[in-house]
Amino acid sequence: ELGRVVGHVAAGLDRLRQVRAFVDGLRTAWDQPIIALEFDHRGSRHMAEGRFREGLTEYRHLVELNQQSALHHARMAEALLRAGLGEPAREEARRAVELDPSSSAAHFTLGWVLQHDLLGRQHAPGFDRGGAIAAFEKVKELEPDNFDARMKLATLLEHDELGARYGDQAGLVRATDLVLRQFDSR
């Protein structure tokens, strides 16, 4: 299509040929007006369309091919959470951190997952507030300029252990301080 390049790259023996064909397609496309370049992950597409079994199968396949990849375990954790499978999501997020303790992305995913209950509901009773705070604090330590992590932490601090917003006065003070320091440093 004019202005659109679509590439499908699958893991396996043909990967190098597929990547080369994709790059050749990009080279040709550079001579055309490009409106957007978009990479669409099959697992993500399945999940977005409500086909959780197929989406999780795609993510699981990537984890199996890349068992030592914190990134793939983190993505699997996010997919499991989206499917409402909080306990396995927590396991995958913790595995990502174990595989790469210096990865701010792995800690971010752990914080995101822990701020949900076991059914995938954010700040609902049963979420691990303390664990989520610790994970986002670690992201701040590893990547001090990560704005998204600071704002997620501030929002998390606004909630008490049961998930009630503005229920923790000390947390509110910390959240306010965190946000003000973020904007003062800009």
Side-chain angles (χ1 to χ4, degrees), residues 41-64 67 69-183:
H41 184 277
R42 278 187 299 221
S44 177
R45 187 171 354 113
H46 286 309
M47 299 295 285
E49 294 171 359
R51 294 189 309 272
F52 295 121
R53 182 184 309 262
E54 293 87 348
L56 293 173
T57 299
E58 291 288 339
Y59 284 104
R60 176 60 56 205
H61 180 68
L62 288 173
V63 167
E64 289 169 357
Q67 293 179 17
S69 168
L71 173 67
H72 290 295
H73 285 277
R75 287 183 177 163
M76 183 69 190
E78 293 166 354
L80 287 163
L81 183 67
R82 185 164 183 191
L85 302 170
E87 190 60 39
R90 289 178 181 193
E91 292 169 12
E92 287 291 337
R94 286 186 180 108
R95 178 76 176 128
V97 169
E98 288 171 13
L99 287 168
D100 191 355
S102 66
S103 167
S104 63
H107 287 280
F108 187 97
T109 298
L110 179 60
W112 177 251
V113 168
L114 292 178
Q115 68 177 324
H116 292 78
D117 72 359
L118 297 182
L119 297 175
R121 298 172 299 187
Q122 190 174 22
H123 305 134
F127 79 111
D128 182 353
R129 182 177 186 263
I133 289 171
F136 284 121
E137 291 284 2
K138 185 66 176 181
V139 175
K140 273 181 35 187
E141 176 187 318
L142 293 169
E143 194 179 341
D145 294 332
N146 188 320
F147 178 80
D148 195 24
R150 286 177 174 275
M151 294 305 101
K152 294 267 189 287
L153 177 58
T155 302
L156 184 60
L157 289 168
E158 294 176 349
H159 293 77
D160 67 13
E161 290 290 333
L162 297 176
R165 193 154 197 188
Y166 312 125
D168 178 355
Q169 294 304 308
L172 271 174
V173 171
R174 277 188 67 200
T176 302
D177 184 54
L178 188 64
V179 170
L180 291 175
R181 276 190 285 135
Q182 176 67 36
F183 289 106

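As the structure is a prediction and not an experimental result, all values here were calculated from the model. Residue numbers start at 1 and run along the sequence shown.
- Sorted by first and then second residue, the pairs that involve residues 77-87 and meet side-chain hydrogen bond (donor to acceptor under 3.5 Å, both in side chains), not counting sequence neighbours, are Glu78-Thr109.
- The salt bridge (charged side-chain N to carboxylate O under 4.0 Å, His left out) analysis of residues 111-126, with sequence neighbours excluded, yields the pairs Asp117-Arg121.
- Under the side chain to side chain contact (heavy atoms under 4.5 Å, CB included) criterion, Ala149 pairs with Phe108, Phe136, Val139, Asn146, sequence neighbours left out.
- For Asp100, there are no salt bridge (charged side-chain N to carboxylate O under 4.0 Å, His left out) partners two or more places apart in sequence or in a different chain.
- With sequence neighbours excluded, the residues forming a ring pair (Phe, Tyr, Trp, His ring centres under 6.0 Å) with His123 are Phe127, His159, listed by chain and number.
- Residues satisfying the side chain to side chain contact (heavy atoms under 4.5 Å, CB included) test with Ala134, not counting sequence neighbours, are none.
- Remark: Arg94 pairs with Arg90, Leu110, Leu114, Asp128 by the side chain to side chain contact (heavy atoms under 4.5 Å, CB included) rule, at least two apart or across chains.
- Contacts classified as salt bridge (charged side-chain N to carboxylate O under 4.0 Å, His left out) and involving residues 162-175 (residues at least two apart or in different chains) are given here: Arg129-Asp168, Glu137-Arg174, Glu158-Arg165.
- Taking Glu143 as the reference, nothing meets the salt bridge (charged side-chain N to carboxylate O under 4.0 Å, His left out) condition, with sequence neighbours excluded.
- Listed by chain and residue number, Arg51 satisfy the salt bridge (charged side-chain N to carboxylate O under 4.0 Å, His left out) test with Glu49 (two or more places apart in sequence, or in another chain).
- Annotation: side chain to side chain contact (heavy atoms under 4.5 Å, CB included) contacts of Leu162 (sequence neighbours excluded): Asp160.
- Judged as a salt bridge (charged side-chain N to carboxylate O under 4.0 Å, His left out), and not counting sequence neighbours, the contacts of Glu98 are Arg95.
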